[in-house]
Colleague: 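Okay, handing you the structure first.
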Amino acid sequence: MIYGKHPHEVVDMATVSDENDPTIGDDMSAPTVAAPSAREFGPEVTVPLPPEDGFVAGDLDRIPDLPPHTELIDGSLVLVSPQKRFHMRMLRSLELQLLDQVPPDLIVEREMTTVLRKDQRPEPDLMLISTDDPDDLDVTWVAVEDVRLAIEVVSPESRTRDLERKPQLYAGAGIPHFWLIEQEEGEAAGVAHVYELDPVRKEYVATGVHRRRLKVTVPCELDLDLADLSWRRDR
């Protein structure tokens with residue numbers, strides 16, 4: 001669900017400190033919440049309303065009580081619907097396999113946002129990143145220049161974003177590799193669409209479609225099982 005502008009009257013909401021803000025500049029927005037007349041989803045949940053110019057990346061750390069996995073796409077908050085079992089199990093399987101196979105110079109991050117620019121802070125399902133500070137455990141986002149691979153596992157509610165908008169954003173931000181994982185029709189297995197960045201045009205170029213098994217040499221050597229969704233470390 002994407003929240004855009006709303007005609008209801010709004011009231012100011014307090015913001016936290018700008019210290020360690022992931023965006024550049026001092027023009028951070030002042031997030032607002034709906035007045036009592038605005039749309040509500042329960043006695044303790046109020047829909048946040050955007051400022052005139054939309055939300056910015058740092059607002060995800062300011063707005064209290066946002067649902068888990070809230071993203072910022074084109075200045076609007078995107079709230080994630082409950083995921084299907086395929087999504088959860090494929091994500092878990094990929095994460096465990098990547099943890100076993102990636103070299104020491106790459107780090108696996110799951111469901112963490114990356115700041116692409118002021119109004120874009122999406123949350124890839126998985127990322128491989130090239131920089132990690134083991135002493136900095138309070139960070140809530142990854143710098144886009146550290147992302148080597150972004151992976152999205154397609155869900156019905158996010159299909160348009162995963163197939164269209166997010167590849168545009170990731171390519172425009174210079175992320176060199178992108179995978180799109182879908183469920184094989186009629187099967188409990190995944191299909192991986194693999195892309196590499198054309199650095200001149202800032203667009204992704206398809207390099208292959210992999211069914212049941214994904215074997216690549218970039219961004220590192222990987223051989224992943226897309227068919228066993230009960231994948232376990234001890235199998």
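By convention here, the first residue in the shown sequence is residue 1.
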Colleague: Between the main-chain N or O of Arg201 and the side-chain N or O of Asp198, is there a donor-acceptor pair closer than 3.5 Å?
Modeller: yes

Colleague: Only one of His87, Arg110, His69 clears side chain to side chain contact (heavy atoms under 4.5 Å, CB included) with Asp125; which?
Modeller: His87

Colleague: Salt bridge or not between Arg212 and Glu184? Use side-chain N to carboxylate O under 4.0 Å.
Modeller: no

Colleague: So, for Val115 and Ala57, which heavy atoms are closest and what is the spacing to 0.1 Å?
Modeller: CG1-CB, 4.1 Å

Colleague: Output yes when Glu182 and Arg159 qualify as a salt bridge under the 4.0 Å nitrogen-oxygen rule, no when they do not.
Modeller: yes

Colleague: On a heavy-atom basis, which atom in Val153 and which in Asp162 lie closest, and how many Å separate them?
Modeller: O-OD2, 3.8 Å

Colleague: For the residue pair Glu95 and Leu126, establish whether any side-chain heavy-atom pair is separated by less than 4.5 Å.
Modeller: yes

Colleague: I need the minimum non-hydrogen distance between Pro167 and Leu163, along with the two atoms involved.
Modeller: CG-O, 3.7 Å

Colleague: Between Pro219 and Leu149, what is the shortest heavy-atom contact and its length?
Modeller: CG-CB, 4.1 Å

Colleague: Is the shortest side-chain heavy-atom distance between Val147 and Leu128 below 4.5 Å?
Modeller: no

Colleague: Please name all residues satisfying side-chain hydrogen bond (donor to acceptor under 3.5 Å, both in side chains) with Arg165, sequence neighbours left out, ordered by chain then number.
Modeller: Asp74, Gln168

Colleague: Is there a donor-acceptor pair under 3.5 Å between the side chain of Thr113 and the backbone N or O of Thr140?
Modeller: yes

Colleague: Please find the pair of heavy atoms, one from Gly54 and one from Pro50, that lie closest to each other, and give the distance.
Modeller: CA-CB, 4.3 Å

Colleague: Quick one: do Glu71 and Arg121 make a salt bridge, cutoff under 4.0 Å?
Modeller: no

Colleague: Which pairs count as ring-ring contact (aromatic ring centres under 6.0 Å, His included) when at least one residue sits in residues 147-172, sequence neighbours excluded?
Modeller: Tyr170-Phe178

Colleague: Could you tell me the separation between the CG atom of Asp59 and the OG1 atom of Thr70, rounded to the nearest 0.5 Å?
Modeller: 12.0 Å

Colleague: Can you tell me how far NZ of Lys166 sits from CD1 of Ile175, rounded to the nearest 0.5 angstrom?
Modeller: 10.5 Å

Colleague: Distance-only, no hydrogens or angles: does the Thr114 side chain make a donor-acceptor pair with backbone N or O of Val142 under 3.5 Å?
Modeller: yes

Colleague: Kindly indicate, with the supporting measurements, whether the criterion side chain to side chain contact (heavy atoms under 4.5 Å, CB included) is fulfilled by Ile181 and Ile151.
Modeller: CA-CA 8 Å; Ile181 313 292; Ile151 304 173; 4.0 Å; yes

Colleague: Any sub-3.5 Å donor-acceptor pair from Asp223's side-chain atoms to Lys215's backbone N or O?
Modeller: no

Colleague: Between Thr207 and Val194 (side chain of the first, backbone of the second, donor and acceptor by atom type, cut-off under 3.5 Å), is there such a pair?
Modeller: yes

